[in-house]
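Okay, so here's the structure we're looking at.
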Amino acid sequence: METSWFRNITSLTCLNLRSTSLYGRIPDTLGDMASLQVLDLSNYNGDDKNMRIMTTDMKSLCNLEVLNLGSAQFYGDITQLFKNLPRCSPNKLQVLDLGGNQLSGMLPRWIGQLTSLVLLYLSWNNITGPLPMSVGQLTGLRTLDLSCNRLTGHVPYEIGMLTNLTSLYLNNNDLDGVITEKHFARSRNLQYIDLSYNALKIELSSNWQPPSTLTSAHFAACQMGPMFPGWLQWALCFHSGSPMPLEMLNA
């Protein structure tokens, strides 16, 4: 990708190169485009199958609100990529999509500093380690998708502090431990949840009334029962007489 022309473009607010065939190293000069609000390099559509690493320093992109690198054939340490994100105060980054790549490593413990995040998509990578407790500081978050990784450890109770969360996808990881009422303490807007295919045990009192009404719930391969969970009667959402999708295969 030719980089020289980037140096003279300082007022650009949106750069959308989605679904293109551009390949090679991402120019470092992107990190100098201080007015940039939207950067979309997602859905690489070329014939070059070589993976690439995102090393661009974006710490000075204080106006960046949307960063979409989904399915862009990136690999590398996700901690290092997070270190290169804008570190301005206040942080304006609202949408971060890194899904569908080959990113590895652990999520940084300070992920909670990205306090303006509304949508966080990290699915279909090779992320390992625990889900940081600081995720509870992302109080504006509406969608958290960490599905199809290799996360381990317990689901932190702090996730129950996300009052604006509507969609939670933690399925297809290696998470373990017990899910209790505390995990949903303030989840009054939660509509979609998928905890399937983890080594999780769901322990919710039969007379517990969830703070939200679910539209879709997936607990396949989670340990539940032996009695059918009574709390589901309070969580059901009916649309035109049809119940919500509910999956508890092998539970």
(request) Look at the side chain of N43 and the backbone N and O of S71, then say whether any donor-acceptor pair between them is shorter than 3.5 Å. (result) no
(message) Under 6.0 Å from the ring centre and within 45 degrees of the ring axis: does the NZ or CZ of R52 meet both conditions for the six-membered ring of F74?
(response) yes
(message) Has D28 got a side-chain atom pairing as donor or acceptor with D57's backbone, closer than 3.5 angstrom?
(response) no
(request) Starting at CG of L214, measure out to OG of S187 and round the result to the nearest 0.5 Å. (result) 9.5 Å
(message) Whether the side chain of T13 engages the backbone of L36 through a donor-acceptor N/O pair (distance < 3.5 Å, no angle test) should be reported.
(response) no
(request) Please name the residue in the list H183, E181, K182 that meets the side-chain contact (heavy atoms from CB on, under 4.5 Å) test with I179. (result) H183
(request) Scan I78, T128, V135 and name whichever one has a side-chain contact (heavy atoms from CB on, under 4.5 Å) with L107. (result) I78
List, one per line, each side-chain donor-acceptor pair under 3.5 Å for residues 111-120, sequence neighbours excluded.
from : atom 1 : to  : atom 2 : distance (Å)
S116 : OG     : N91 : O      : 2.3

(request) Report yes if the side chains of L146 and L151 come closer than 4.5 Å at any heavy-atom pair, otherwise no. (result) yes
(message) Using 0.5 Å steps for rounding, measure from the OH atom of Y192 to the NE2 atom of H218.
(response) 10.0 Å
(message) Filter on side chain to side chain donor-acceptor pair (under 3.5 Å), then keep only pairs touching residues 92-109, sequence neighbours left out; what's left?
(response) N63-K92, Q102-N126
(request) Output every pair passing side chain to side chain donor-acceptor pair (under 3.5 Å) with a member in residues 132-154, not counting sequence neighbours, ordered by first then second residue. (result) D145-S147, H154-D176
(message) Would you say NZ of K59 has more than 12 non-hydrogen atoms from neighbouring residues, nucleotides or ligands within 6.0 angstrom?
(response) yes
(message) Under a 3.5 Å distance rule, please check whether N189 uses its side chain to pair with a backbone N or O of T163 as donor and acceptor.
(response) yes
